[in-house]
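Chain A is the first sequence line, chain B the second, and so forth, proteins listed ahead of strands; every chain is numbered from 1. Everything numeric here is computed off the predicted structure, so don't read it as measured data.
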Amino acid sequence: MQHQRTRLLKIGFSLVFAILLSRLFYWQVINSHLLQATASSQRSSVQIIQGERGQILASDGYALVSNTPSYLLFAYTPQLEIASAQISRELAPILLDPNPKSATEAAKPLTERLELLQSSLLTKLTAPDKTWIPLQSDLDKPTKQQIQELGIVGLGFDEHQKRYYPEASMSAHLLGFVSHNDQGERQGYFGLEGYYNQDLQGRSGQVRQDKDAAGSPIIIGDFFRKPARPGRSLKLHLDRSLQHSVEEHLKSALEKYQAKSGEVVIMDPSTGAILAMAAQPAYDPQTFIDYPTNLYKNPIIADAYEPGSTFKVLVMAAAIEEGVISPDSICDNPCQGPVQIGKYSIRTWNNQYNPGQTMTEVLARSDNTGMIFVGQKLGKPTFSSYLDRFGFGRSTGIDLQEESVPTIRTTWGDIDLATASFGQGIAVTGIQMVKAVSAIANGGEMVEPKMVAEIHADKTLPITSHKTRVISPETSKQVTDMMVTAAHGGEAQWAVLRDYTVAGKTGTAQIPVAGHYDQDKTIASFIGFAPAYNPRFVMLVKLREPQSSPWAAETAAPLWYTIAKDALVHFGVPPDR
Amino acid sequence: MTLPNKKIILSANLILLTSLVVANIYFSSSFATSGQKLKQLEQEIDAIEEQNQDLKRNILQKSSLHVLESKAEQLGFTKPNQYITVEGPSTSVALSQ
């Protein structure tokens with residue numbers, strides 16, 4: 001009997017042992033990874049390190065765009081030790097915006113705004129079924145420190161990097177801004193931020209390590225580190241002082257001439273380096289959301305306009321290059337009165353006619369009938385091919401995101417050729433005009449405009465501009481002479497620089513509205529380069545709808561000369577007259 | 001195996017076991033302190049990097065053209081409205097004396 005009991009006990013123990021063994025086998029062999037993962041999750045800590053976005057530097061190395069930390073204040077309700085009402089009461093005075101942007105908010109008394117903020121915070125803090133509650137985003141460091149000094153347990157901060165603009169709204173149109181895309185990732189939009197987004201954005205890194213209960217690293221624990229890669233920085237050709245001066249002059253000119261908008265671009269014609277580029281009205285990239293979206297695009301590269309008489313220099317250059325005219329060719333019969341083309345009668349801007357004038361005089365007087373004579377000498381196919389050679393109908397290659405390319409007609413009627421020869425009925429962008437005129441300034445070679453000089457990565461990557469020969473050096477010299485005569489003897493001669501030789505041309509183009517030209521609305525522009533025979537820069541100035549005078553000679557030209565004077569002194573160019 | 005030999009082996013095992021336990025306690029405690037030290041060092045690095053960033057931003061702020069322009073105005077500087085170009089020999093006057 002006793003022997004049987006012993007045997008039963010043995011069987012029982014064996015069974016229990018077998019069950020225990022199989023259970024252990026199950027956990028330690030079959031499902032060991034689950035236990036390991038659970039243990040690892042309890043001691044392992046993962047920290048994501050943001051790859052800092054690259055900076056955008058002016059040519060002097062000053063950061064036009066940098067980064068600064070921004071904090072999100074949150075509450076973790078299980079850890080809160082004091083009542084939500086008290087927390088909201090203590091936080092509200094710190095979080096209250098002293099200068100609200102909305103007019104309705106600003107009109108409210110301070111006490112009312114404080115109460116509203118307090119109640120909004122309380123509503124957030126007492127939201128049911130929420131443990132992690134975001135309270136306020138985009139806090140700066142001093143505000144964060146003020147909140148930390150309150151010593152409220154259960155409040156925390158998430159750090160993010162945001163863009164910082166030390167020169168405020170300067171160069172906004174060419175910098176662009178950073179926002180979030182559909183996936184919630186940071187992305188650059190417009191200008192350099194948009195064009196060089198891939199280069200500028202960094203790659204996030206990760207540190208995974210075992211930590212003890214106090215949060216200190218366990219030295220002999222697991223450790224994995226994938227370093228963050230900061231974004232590449234861009235060094236621009238942009239001259240910060242010149243840019244500042246251009247923006248100030250443009251703002252003053254808009255007030256002085258009561259123009260709706262204005263643009264200035266300055267480029268080195270030998271390298272394509274953009275030295276300054278400004279458009280008004282502008283926006284502040286730090287608070288871009290507060291501005292109308294139509295201000296985001298850079299009008300110098302995105303807006304098409306009819307260039308008017310500034311285009312005449314290119315038509316002259318094409319005709320001289322083709323040998324159909326010379327600067328001394330005479331325009332006799334075609335220049336004696338209005339030119340009739342089909343049902344259209346084309347007049348000069350002042351309705352005065354000068355038969356027997358030379359081509360140099362045609363350009364200086366900005367004579368439309370003389371330009372029709374030149375256009376007809378060129379003929380439609382050759383005229384069209386020169387538009388292509390000067391880069392119209394194609395992207396200029398500028399490294400900014402929102403460049404638009406106005407289309408050029410493919411079929412040409414007699415009236416189309418006639419009007420295009422004096423810059424009407426043809427749409428271009430400001431940057432296309434600057435690029436085309438750079439060919440005249442640069443001995444016949446046209447250069448691609450470029451904003452960025454170098455990309456700073458592990459090593460410095462220079463950005464090069466392509467050059468294309470469009471006209472011969474002889475043609476370039478002859479057209480420069482003609483432009484010098486136009487600048488120093490044309491209708492804008494009163495504004496010309498006394499000590500420097502300038503090659504330039506005014507343009508006053510009526511604005512096409514609903515199929516006809518509005519007589520009262522003009523785009524006044526001036527394009528030129530200085531010093532004429534060894535140019536340091538080519539510059540375009542454009543004013544939309546100036547009210548003080550519709551004429552470029554009285555608005556755009558004086559602004560051009562004011563900026564040119566500053567630029568020549570800034571670059572230390574000695575007078576050549 | 002004789003009895004004295006057994007005793008020796010048992011004693012050796014005990015000594016080994018005790019040494020391992022002591023070593024374990026010693027290394028565990030010293031690593032625990034190292035972890036704390038490492039955490040402290042990491043915090044110090046973060047603080048210095050943060051200070052560095054603050055200083056860089058401070059420099060940018062103070063050398064912005066808007067700030068420099070307003071300071072220049074406060075100090076009585078004005079923009080030149082006339083330029084004079086001096087032509088002459090390449091050597092300076094001071095050197096020729």
Checklist entry - Just by distance, with hydrogens left out, do B:Arg57 and A:Thr68 show a side-chain donor and acceptor under 3.5 Å apart? => result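 Yes, a side-chain donor-acceptor pair sits under 3.5 Å.
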[X], part contacting chain B, at a heavy-atom distance under 4.5 Å:
X        : answer
A:Gln243 : neither
A:Asp566 : side chain
A:Asp499 : neither

Checklist entry - Between the main-chain N or O of B:Leu65 and the side-chain N or O of A:Glu167, is there a donor-acceptor pair closer than 3.5 Å? => result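 A pair under 3.5 Å: yes.
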Could you measure the distance from the [atom1] atom of [X] to the [atom2] atom of [Y]? Nearest 0.5 Å is fine.
X        : Y        : atom1 : atom2 : answer
B:Glu69  : A:Ser241 : CD    : OG    : 10.5 Å
A:Tyr62  : B:Ile59  : OH    : CD1   : 10.5 Å
A:His244 : B:Ser64  : NE2   : OG    : 9.0 Å

Next on the checklist: How close do B:Leu60 and A:Ser66 get, counting heavy atoms only, and between which atoms?
Outcome noted: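 In this case the closest contact between B:Leu60 and A:Ser66 is CD1-CB, 4.0 Å.
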Would the number of heavy atoms belonging to other residues, nucleotides or ligands and lying under 6.0 Å from [atom1] of [X] be above 12?
X        : atom1 : value
A:Arg577 : CZ    : yes
A:Tyr533 : OH    : yes
B:Phe77  : CZ    : no
A:Gln145 : CD    : yes

Checklist entry - Within residues 37-44 of chain B, which positions have a heavy-atom distance to chain A below 4.5 Å? => result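 B:Leu38, B:Lys39, B:Glu42, listed by number.
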Checklist entry - So do B:Asp54 and A:Lys141 actually touch side chain to side chain, heavy atoms under 4.5 Å? => result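 Touching, per the 4.5 Å side-chain cut-off.
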Checklist entry - Between B:Lys56, B:Gln53, B:Glu50, B:Lys79, which has the largest tally of heavy atom pairs under 4.5 Å with chain A? => result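 Most heavy-atom pairs under 4.5 Å with chain A: B:Glu50.
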